[in-house]
Amino acid sequence: MTSLNSHGIRFAFGTLTVLPAHVTRWDREAARAGMLCAPLAGLVVGVCAAAAGALSLLLGTGPLFAAVAAAAVPSVLTRGLHLDGLADTADGLGSAKPAADALRIMKQSDVGPFGVVTLLFVLLAQVAVGAELYGRGWQQGAAGTVVAAVAARLALTLASRGSVPPARPEGLGALVAGTVPVAGATAVAVAAVLGCAALGAVDGPWGALRHGLAVLAGLLAAESLLRRCVRRFGGVTGDVFGALEETAATAALVVLALG
């Protein structure tokens with residue numbers, strides 16, 4: 001079990017970040033462990049992003065620049081793959097073509113108009129909300145950044161549950177789809193929500209509730225997109241996973257700003 005957990009952590013960091021992680025197993029058992037560890041990778045990415053945003057603010061750059069720094073770090077730590085997945089998924093959904101043709105569009109290296117517009121508005125939303133949070137103080141900005149990153153990767157854990165099929169017979173989506181048991185996904189989700197609520201508890205009971213609800217809102221938004229993609233494409237792909245991440249992160253940030 002300890003060995004499998006080690007492989008799972010390596011798998012999570014090796015597939016979801018560019019941080020040093022020597023992936024030694026590339027099978028469905030390791031994929032299951034890796035997707036259960038996905039929120040841990042999100043926590044590390046979130047802490048790095050929060051540090052960049054908080055440091056920028058403390059150095060006097062202002063909340064807008066702090067929000068840009070916090071939004072840029074996750075892109076750097078993932079080589080922009082999740083943003084690329086968001087754009088490709090938007091192009092596939094917006095194409096109005098049959099599933100096979102839409103999947104071919106998503107595999108193309110260029111980005112179409114739906115992808116460009118989606119990227120623009122999602123990044124604008126993340127920066128705008130981040131600026132609002134950092135404007136309230138570095139603590140709230142940093143907490144929001146961490147919560148959004150955890151919610152983003154937690155969405156992948158839930159999207160890997162047994163009832164979700166792959167859209168293609170190959171690729172990351174095929175490797176991880178259906179690997180995570182519902183009980184395991186539920187346990188990880190409860191732990192992540194409680195952890196984020198505890199982080200928000202520095203602002204009192206309402207802060208704890210707000211941060212916990214932010215994670216749940218992110219998961220609901222991602223679940224809505226997941227169901228749409230399964231109906232449209234027949235299952236999930238690596239691109240869909242990237243889109244789920246960005247959707248969950250953005251929704252979580254928006255809820256925190258509403259507070």
Side-chain angles (χ1 to χ4, degrees), residues 1-52 70 73-85 142-143 145-162 164 166 170-199 211-212 215 218-219 222 226 236-249 252:
M1 179 62 70
T2 300
S3 176
L4 181 58
N5 290 338
S6 174
H7 286 299
I9 292 173
R10 291 175 183 271
F11 189 96
F13 281 89
T15 56
L16 302 179
T17 76
V18 298
L19 298 173
H22 183 52
V23 181
T24 54
R25 283 184 58 176
W26 191 259
D27 54 40
R28 286 180 66 80
E29 190 175 11
R32 180 180 71 250
M35 290 301 99
L36 287 170
C37 292
L40 177 61
L43 176 62
V44 173
V45 170
V47 168
C48 292
V73 168
S75 298
V76 172
L77 292 181
T78 61
R79 294 195 183 98
L81 289 177
H82 303 141
L83 290 172
D84 179 68
T145 300
V146 171
V147 167
V150 171
R153 277 68 182 182
L154 178 58
L156 303 188
T157 303
L158 298 181
S160 302
R161 64 187 185 272
V164 180
E170 76 286 336
L172 179 62
L175 179 63
V176 303
T179 59
V180 177
V182 173
T186 302
V188 171
V190 170
V193 171
L194 291 177
C196 290
L199 180 63
H211 285 71
V215 178
L219 296 180
L226 173 63
V236 294
T237 68
D239 286 332
V240 170
F241 270 48
L244 295 177
E245 278 200 41
E246 296 299 331
T247 299

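When a residue number appears, it is its place in the shown sequence, counting from 1. Predicted model only: the values in this text are computed from it and were never measured.
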Give, for atom [atom1] of [X] and atom [atom2] of [Y], the distance between the pair rounded to the nearest 0.5 Å.
X	Y	atom1	atom2	value
L244	L219	CG	CG	10.5 Å
L172	M35	CG	CE	6.5 Å
L43	R153	CG	CZ	10.5 Å
H7	R25	NE2	CZ	5.5 Å
D239	L81	CG	CG	9.5 Å
S75	E246	OG	CD	6.5 Å

Looking at every heavy atom in both [X] and [Y], which two are closest together, and how far apart are they?
X	Y	value
A12	A41	O-CB, 4.3 Å
L77	C48	CD1-CB, 3.9 Å
A155	A222	CB-CB, 3.8 Å
H211	A143	NE2-CB, 3.8 Å
A151	A252	CB-CB, 4.3 Å
T157	P39	OG1-CD, 3.4 Å

Is [Y] close to [X] at the side-chain level, that is, under 4.5 Å between some pair of heavy atoms?
X	Y	result
V150	V147	no
V45	V73	no
R10	C37	no

Is a side-chain donor or acceptor of T17 paired with a backbone partner of T78 at a separation under 3.5 angstrom?
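Judged by distance alone, no pair lies under 3.5 Å.
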Please confirm whether the backbone N or O of A177 pairs with a side-chain atom of R28, one donor and one acceptor, at under 3.5 Å?
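At least one qualifying donor-acceptor pair exists.
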List the steps, then state whether side-chain contact (heavy atoms from CB on, under 4.5 Å) holds for F11 with L175.
CA-CA 12 Å; F11 189 96; L175 179 63; 3.6 Å; yes
Report the residue from V236, L36, V180 that forms a side chain to side chain contact (heavy atoms under 4.5 Å, CB included) with S160.
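Testing S160 for a side chain to side chain contact (heavy atoms under 4.5 Å, CB included) against V236, L36, V180 leaves exactly one candidate, V180.
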